[in-house]
2 protein chains.
Amino acid sequence: MTDGESIGTELDDAQLSLSVQLQRKLEKLILDGELKPGDKLNELELSQRFGTSRGPLREAMQNLCARGLAEAVRNRGVFVRTITPTEAFELYDVRAALFGLAGRLLSDRIDDAILKKLHGFVEDMDKLAEAQRYSDYYRTNLEFHDYLVQSAGNKMLVREYHSFVDRLHLCRIRGLVKSGALSISNREHAEMIDAAASGNNQRAQETFFRHVARSKLRFRSTLEEEGRI
Amino acid sequence: MTDGESIGTELDDAQLSLSVQLQRKLEKLILDGELKPGDKLNELELSQRFGTSRGPLREAMQNLCARGLAEAVRNRGVFVRTITPTEAFELYDVRAALFGLAGRLLSDRIDDAILKKLHGFVEDMDKLAEAQRYSDYYRTNLEFHDYLVQSAGNKMLVREYHSFVDRLHLCRIRGLVKSGALSISNREHAEMIDAAASGNNQRAQETFFRHVARSKLRFRSTLEEEGRI
DNA sequence: CCGTATTTGTCCGTATGTATG
DNA sequence: ACATACATACGGACAAATACG
């Protein structure tokens, strides 16, 4: 297994229908910020760009709409979804609830292997915080949260959680990119692990929930500082 | 306002794109059980049945796939989603988390008007339970839960909650259609209202969560009795 | 292995609606 | 207000790939 995993994005063709392939490409364009909120998804332009006809492309765009990454306006076209601050707050709350469930479920199935891996994440992030390597911290932080949700063992939850993380991504917030926020945030991570390891369902859920709730508050502060609210 | 609300399903045309209209019709067919899990959605047959071309129909089917009500198999077609017991349990857990969030949010904004309406629902259901009018109880029960989620004031939550309720609907469980389960269930409803009115965030969330968790247990029992597990 | 049916994707035509000058 | 240009929405016909009997 020299590679075979990381390809994924380029050569997974073949098996999937064209509309699904297009859907993923569009998704990538949006999440990478190449297509920004409010941008129009021009059928002709995109179909030529991808070398397909308009049919599959329209199907892909519909798919994005259903998942909340885009929205269609009758007779005007499809646009990248614009998330208002109010909607972002709503998304945060739902994400908190989903993440809380992850904590609750995880506390019922956590074992030494998971625990070890989780502590590894936190140690890594501690070092990255100290070294002020914000970008790496951000990435590791995402992986840490992903791993937590994955470990809860509920596929529906994983799918849904990502759906909300993706939509929040439309806001382009690297909220915690300042000063000592990193180590504070990482202290919360350690608390979450303890809560999950305690075996106390409800406590784990609440701890996980509040972690995202605090992210929401930080996000709100950022918006206020930027005068966007 | 003699009517105007109940039409909705028939004459909402005009404004919406054809693919959205078709999506709703297909959704109705599935949720009404006219199309059962595993059934194939034949493009030609359906497009003729609805009097449209394949384009909008395919877009509608993609939309259903994105929302988990159907699934597409390359070069074989689109089929109504089959929910395995395992998946159903997963759906219940996520639904519980979403419903718990509704309780938490509701406890922050509940007022006399909402409280009165909620108590009205419970009284109605008490009467229906006594009269053993199961079908009416079931419908009112759904309305009650919908109203709770609506009242939480988070549109993203409403949308997501319904998505999960719909998918669970694919299992066709009228789980609580037996004996004294109704009045027991309704006692839980009263407890939920009290918890929401207490103003205690966490308690409300937990109470709401456990209500769905108990539904999950009842569902599991039903499956076991039917030997499906 | 072959013939049929179905799906998938493409192309073109037309109508309708929106935006722009 | 009007005309033009452009994009979308929908329909229908066609070819290719694949599944199934």
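Heavy-atom basis, side chains included; hydrogens, waters and symmetry copies ignored. Here the structure is a predicted model, which means the values were calculated and not measured. The sequence lines fix the lettering, A, B, ..., with proteins before strands; numbering per chain opens at 1.
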Q: Describe the nucleic acid contact of B:Val73 in one word from base, sugar-phosphate, nothing, applying a heavy-atom distance below 4.0 Å.
A: sugar-phosphate

Q: Examine B:Arg104 relative to A:Phe209 and say whether NZ or CZ is less than 6.0 Å from the centre of the six-membered ring and inside a 45° cone about the ring axis.
A: yes

Q: Would you classify A:Glu43 as touching base, sugar-phosphate or nothing, given that sugar-phosphate means primed atoms plus P, OP1 and OP2, and contacts are heavy atoms under 4.0 Å?
A: sugar-phosphate

Q | Presence of A:Arg74 side-chain N/O under 4.0 Å of D:dC10 phosphate oxygens OP1/OP2 | A | yes

Q.
Distance check needed: C:dT8 C1' versus B:Glu59 CD, whole Å only.
A. 15 Å

Q: Provide, to the nearest angstrom, the distance between the CG atom belonging to B:Leu16 and the P atom belonging to D:dT8.
A: 19 Å

Q. Are the charged groups of B:Arg67 and B:Glu27 less than 4.0 angstrom apart, N to O?
A. yes

(Q) Between the side chains of A:Lys155 and B:Glu90, is the shortest nitrogen-to-carboxylate-oxygen separation below 4.0 Å, so that they form an ion pair? (A) no

Q | Strand partner of C:dC1, provided both Watson-Crick or wobble distances fall under 3.5 Å | A | none

Q) Base, sugar-phosphate, or nothing for A:Leu41, non-hydrogen atoms under 4.0 angstrom? A) sugar-phosphate

Q. Does A:Arg58 make a side-chain N or O approach to OP1 or OP2 of D:dT8 shorter than 4.0 Å?
A. no

Q: Round to a whole Å and report the spacing from CG of B:Leu57 to P of D:dA9.
A: 16 Å

Q: Please tell me which of the listed nucleotides, C:dG9, D:dA19, C:dT18, lies nearest to the side chain of B:Arg54?
A: C:dG9

Q. With a distance cut-off below 6.0 Å to the six-membered ring centre and an angular limit of 45° from the axis, does A:Arg167 pair with A:Phe164 as a cation-pi contact?
A. yes

Q: Find the distance B:Phe50:CZ to D:dC10:P and express it as a whole number of Å.
A: 15 Å

(Q) Looking at C:dG9, I'd like to know if its phosphate oxygens (OP1 or OP2) sit under 4.0 Å from a side-chain N or O belonging to B:Asn75. (A) no

Q: Say whether, by atom type as modelled, one donor and one acceptor occur between the side chain of B:Arg109 and the main chain of B:Ser151 under 3.5 angstrom.
A: yes

Q.
In whole Å, I'd like the distance from the CD atom of A:Glu71 to the C1' atom of D:dT8.
A. 16 Å

Q: Would you kindly give the CD-to-P distance between A:Glu45 and D:dC6, to the nearest whole Å?
A: 15 Å

Q.
Only pairs with both distances under 3.5 Å count, Watson-Crick or wobble alike; so what is the partner of D:dA1 in this structure?
A. none

Q.
Can you tell me if B:Arg76 touches the phosphate of D:dT18, counting only side-chain N or O atoms and a distance under 4.0 Å to OP1 or OP2?
A. no

Q) When you match A:Gly55 and B:Gly77 each to their closest nucleotide on DNA chain C, which lands nearer the 5' end? A) B:Gly77

Q. Which nucleotide in the set D:dA7, C:dC11, C:dT6 lies at the smallest distance from any side-chain heavy atom of A:Lys40?
A. D:dA7

Q.
Output the rounded distance in Å from CG (B:Leu18) to P (D:dA9).
A. 11 Å

